[in-house]
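The next block holds one structure in the form of structure tokens; read it before the comments.
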2 protein chains.
Amino acid sequence: MTKSKIKLTDNQKTLIEKMGMAYEQSGFSPVPARLLALLMVAEDPDLTFDQLQATLGISKSATSNSINLLLNTGKIEQISKLGERKRYFRNRIVHWKEDIKKTNERMGLFVDLMKTILKQRPGDTVEFNQSLKEMIDFVEFLQRELPLLYKKWETGRK
Amino acid sequence: MTKSKIKLTDNQKTLIEKMGMAYEQSGFSPVPARLLALLMVAEDPDLTFDQLQATLGISKSATSNSINLLLNTGKIEQISKLGERKRYFRNRIVHWKEDIKKTNERMGLFVDLMKTILKQRPGDTVEFNQSLKEMIDFVEFLQRELPLLYKKWETGRK
DNA sequence: ATTTTAGTTCTGTATACCGAGAACTAAAAA
DNA sequence: TTTTTAGTTCTCGGTATACAGAACTAAAAT
């Protein structure tokens, strides 16, 4: 394993720091978070196992486990370059559209549960039931509108 | 502390179970998650400390800490009833609108960081930069559209 | 004045998670 | 065939979290 630490400017380093923190706040543990951040900031968007390891200064096991975690959750993807043995990894922001869709689906499941709950609630807690219903309505409305909104954006930007 | 366990039907119990799991998946630990779920499913939307404790069958400390956690993160609210000493707690879904706004603001911060990152990226990684830019554009578009969308929903529903 | 209520805070334990380091493995290179 | 590469898996120590139970506290009730 050649030490293939990537050169980073101070600016890039602080950006990785910040982006890492943002990823941590959204639920990742430190190493995966910094890995994602590095793959967004580094000049080359495709980095190898040992570049990631050496640049972040972490152990092989941490690198391996984090990479696999991020592959399984669809946050990064693997690409192989012709004739090269090493795998390269890339931040999967390219697929942000799917991500938004997925978030929305999870929201949908949550709201479905809320609908079931609302159905069996007593009718006398008017204000509470009302709020529940409003939220359900709005989320369902949003889910109907999103495709249209998406189209509007697409046409508006050319 | 009188044992003021609330009566729940089997159906309500399984709904609490499910809603609890949904809350757990969104980042809460078991007790706070079940507490929120109970406060959504129970007939009476306002429950006291000891009702929560007795119904969920948990310790006083767990109850106290969870309540305070949920108060601090704005997931429940406290209400006092005239002449009563005990505090009552209520699930704060009533304020779902603020929640959506907050989620959006967090998204905004994330995207701001991405903008800074994009600015300092080399120009030659065309595809990657393009994706980054697209996502930034879409999120910003969404943030502009949301108020309008909200108005559209409001007028459409009366 | 003392007792009860409605909690909070402290202490202890069990468990989970993180990440390092070393041992291991399968494929490719030499 | 052996050696190197590119990782994976195992073991371990440190730290954080979650919750129970007990001790504590301030206000209210008696």
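So that the names make sense, note that chain A is the first sequence line, chain B the second, and so on, each numbered from 1. Everything numeric here is computed off the predicted structure, so don't read it as measured data.
Of the possible donor and acceptor atoms, none in the side chain of B/Ser64 sits under 3.5 Å from a partner among the backbone N and O of B/Lys60.
For C/dT8, one of the phosphate oxygens OP1 or OP2 lies less than 4.0 angstrom from a side-chain nitrogen or oxygen of B/Arg87. The phosphate of D/dA18 has neither OP1 nor OP2 within less than 4.0 Å of any side-chain N or O from B/Asn65.
The listed nucleotides are C/dA26, D/dC19, D/dA27; the one nearest the side chain of B/Arg85 is D/dA27. Proximity note for A/Phe49 (side chain, C-beta onward) versus C/dA6, D/dT8, D/dG21: the nearest is D/dT8. Among the nucleotides D/dC19, C/dT8, C/dC18, the one closest to any side-chain atom of A/Ser29 is C/dC18. Nearest to the side chain of A/Pro30, among C/dG7, D/dA18, C/dC18, sits C/dC18.
At a threshold of 4.5 Å between side-chain heavy atoms, the hydrophobic network of Ile, Leu, Val, Met, Phe, Trp and Tyr places B/Val41 and A/Ile136 in one connected group.
As a whole-Å value, the separation of A/Phe28 CZ from C/dG19 C1' is 18 Å. Here C/dT9 presents its P atom at 13 Å from NZ of B/Lys60, a figure rounded to the nearest Å. Rounded to whole angstrom, the span from the CD atom of B/Gln53 across to the P atom of C/dT5 amounts to 14 Å. The CD-P distance, from A/Glu84 to C/dA29, rounds to 11 Å in whole Å. Rounded to a whole Å, the CD atom of B/Gln51 is 11 Å from the P atom of C/dG7. Look at CD1 on B/Ile58: it is 17 Å from P on D/dA22, rounded to the nearest Å. The OH atom of A/Tyr88 sits 14 Å away from the C1' atom of D/dT5 (whole-angstrom rounding). Rounded to a whole Å, the CG atom of A/Leu47 is 13 Å from the P atom of D/dG7.
Each of B/Phe89 and A/Ala62 was assigned the nucleotide of DNA chain C with the nearest heavy atom; the assignment lying further toward the 5' end belongs to B/Phe89. When each of B/Ser66 and A/Ser64 is assigned the nucleotide of DNA chain D with its nearest heavy atom, A/Ser64 is the one assigned upstream, toward the 5' end. Mapping A/Gly83 and A/Val31 onto DNA chain C by nearest heavy atom places A/Val31 closer to the 5' end of the strand.
In this pair, B/Phe141 and A/Trp153 present their aromatic rings tilted. The plane angle is within the 30 to 60° band.
When heavy atoms are screened at a 4.0 angstrom cut-off, A/Ile67 is found touching no nucleic acid atom at all.
Within 6.0 Å of NZ on A/Lys81 lie more than 12 heavy atoms contributed by other residues, nucleotides or ligands. By the 6.0 Å contact criterion, CD on B/Glu127 is open, its count of non-hydrogen atoms from other residues, nucleotides or ligands being 12 or less.
For A/Ser61 and C/dG19, a side-chain-to-base donor-acceptor distance below 3.5 Å is absent, hydrogens and geometry of angles not being considered.
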